[in-house]
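Starting from 1, each residue takes its place in the sequence as its number. When a ligand or atom number is given, it counts from 1 through the structure's own listing order.
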Amino acid sequence: MRIPFVDLKVHFDRHSQDLQEGIARVLHKQQFILGEELAFFEKEFGEYLDVEYCYGVASGTDALIIALLALGIGVGDEVIVPANSFIASALAVSEVGAKPVLVDVDPKTYLIDPEQMESLVTSRTKAVMPVHLYGLPCDMDQIMVVANKHKLFVVEDACQAHGASFLGRKAGSIGHVAAFSFYPTKNLGAFGDGGAVCTNSATVAQRVRRLRNYGQDSKYHHDFRGRNSRLDEIQAAILRVNLRCLDEENDRRASIMTQYRRRLSHLEFQFVPKSCLPSNHLCVVQVDRRDDVLCELGKAGVDAQIHYPIPIHLQKCYEHLGHHLGEFPVSESLSKRIISLPLYGNMVDAQVEYVINAVLKATAPDSPIVVKPLDKKKFSEQ
Ligand SMILES: *Cc1c(COP(=O)(O)O)cnc(C)c1O
């Protein structure tokens with residue numbers, strides 16, 4: 001058997017009629033940008049999250065950039081970002097001209113540590129960026145308390161957390177503004193790039209709406225320089241179908257995770273606090289002898305991956321920040337020990353079972369040398 005890391009084809013086969021109808025609707029209508037499908041999707045996703053405003057943009061990275069721009073963050077400002085994240089979290093901060101100030105993560109949740117985060121606040125800090133990594137929401141209560149105390153904005157990177165919640169509120173609805181990605185393999189994915197910016201602030205919303213569309217409010221009137229970053233109609237039509245499957249697929253992810261956690265209890269998983277309902281974007285576990293384990297899994301046909309093998313502070317593109325090896329021990333240790341197991345919303349039981357058995361075998365302690373018992377009689381005869 002071969003178990004891919006994700007398999008989007010099953011989802012497509014199950015929903016192909018609705019998906020193709022959605023695409024056909026756009027083709028017949030011949031409106032490709034900023035039309036009805038996007039308006040409906042923004043309304044539906046906004047309602048799903050329980051946020052006032054939701055705007056589709058071209059990618060998750062653009063969503064972060066536009067969120068930061070809308071808050072007026074730029075040159076000379078600092079934004080605190082966890083060192084254990086996908087690179088795009090930091091890239092967005094750099095892109096607007098601000099400085100990403102990296103911080104280590106909590107050894108149990110693998111998420112931004114609010115206490116260390118607070119210790120890095122300076123007079124230049126304008127915002128913090130909690131990343132709900134692997135689909136586990138950060139402790140938003142603690143983060144909002146620190147942010148309010150120091151008058152900072154909170155930009156949620158919810159690119160892995162579609163449908164996750166913290167104390168009953170959806171990830172992406174709690175901070176001042178949030179970014180989602182609809183990259184095809186995310187819990188809610190398009191058939192290409194896509195993203196969204198969500199907020200409850202009318203002021204931020206109005207800026208986001210213009211920033212994604214050349215900075216214009218009415219055609220050819222530009223109050224400020226904006227970008228071209230829209231979620232197109234075909235992607236919006238696809239996302240409307242996929243949004244209707246999100247809860248069901250997230251439930252399936254949760255039940256697969258329950259099996260993984262139960263059967264692989266000798267491995268260390270991300271700790272889920274009682275306040276959190278994760279979206280289970282990735283199943284990340286720590287293993288000893290990682291190279292061997294990955295090799296064994298590969299031989300068994302199980303495609304495991306690493307998220308992420310190099311923490312942001314050790315990336316070449318951030319050399320100029322002057323960080324050094326050993327500076328963020330938790331992120332560094334995780335980057336050497338973690339693997340992500342196959343997990344997706346349409347994975348069947350037989351595949352889960354196969355992965356579990358392959359992992360059990362690959363992580364079993366070395367078997368001791370066993371020699372047949374010596375026959376005492378034969379021994380004395382010699
Ligand atoms: C995917 C992702 C992004 C970027 O989204 P794109 O749509 O690929 O630009 C940003 N942050 C995190 C945590 C992500 O997982």
Between the protein and ligand 1, which nitrogen or oxygen pairs come in under 3.5 Å, and how far apart is each?
| unit_1 | atom_1 | unit_2 | atom_2 | d |
| --- | --- | --- | --- | --- |
| ligand 1 | 5 (O) | Ser181 | OG | 3.3 |
| ligand 1 | 7 (O) | Gly60 | N | 2.8 |
| ligand 1 | 7 (O) | Ser181 | OG | 2.6 |
| ligand 1 | 9 (O) | Gly60 | N | 3.4 |
| ligand 1 | 9 (O) | Thr61 | N | 2.8 |
| ligand 1 | 9 (O) | Thr61 | OG1 | 2.5 |
| ligand 1 | 11 (N) | Asp157 | OD1 | 3.4 |
| ligand 1 | 11 (N) | Asp157 | OD2 | 2.8 |
| ligand 1 | 15 (O) | Gln160 | NE2 | 2.8 |
| ligand 1 | 15 (O) | Lys186 | NZ | 2.8 |

His15 vs His11 aromatic rings, parallel, tilted or perpendicular, using cut-offs 30° and 60°? tilted

Is the closest basic N to carboxylate O distance between Asp349 and Arg252 below 4.0 Å? yes

Assess whether a salt bridge exists between Arg244 and Glu249, defined as any Lys/Arg side-chain N lying under 4.0 Å from an Asp/Glu carboxylate O. no

Aromatic ring proximity Tyr48/Phe41, centre distance under 6.0 Å: no

Is the distance between the ring centroids of His176 and Phe153 under 6.0 Å? yes

With a 6.0 Å cut-off (strictly less than), is the heavy-atom count around CD of Glu36, excluding the residue itself, greater than 12?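 Atom CD in Glu36 is not packed in, count stays at 12 or less.
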
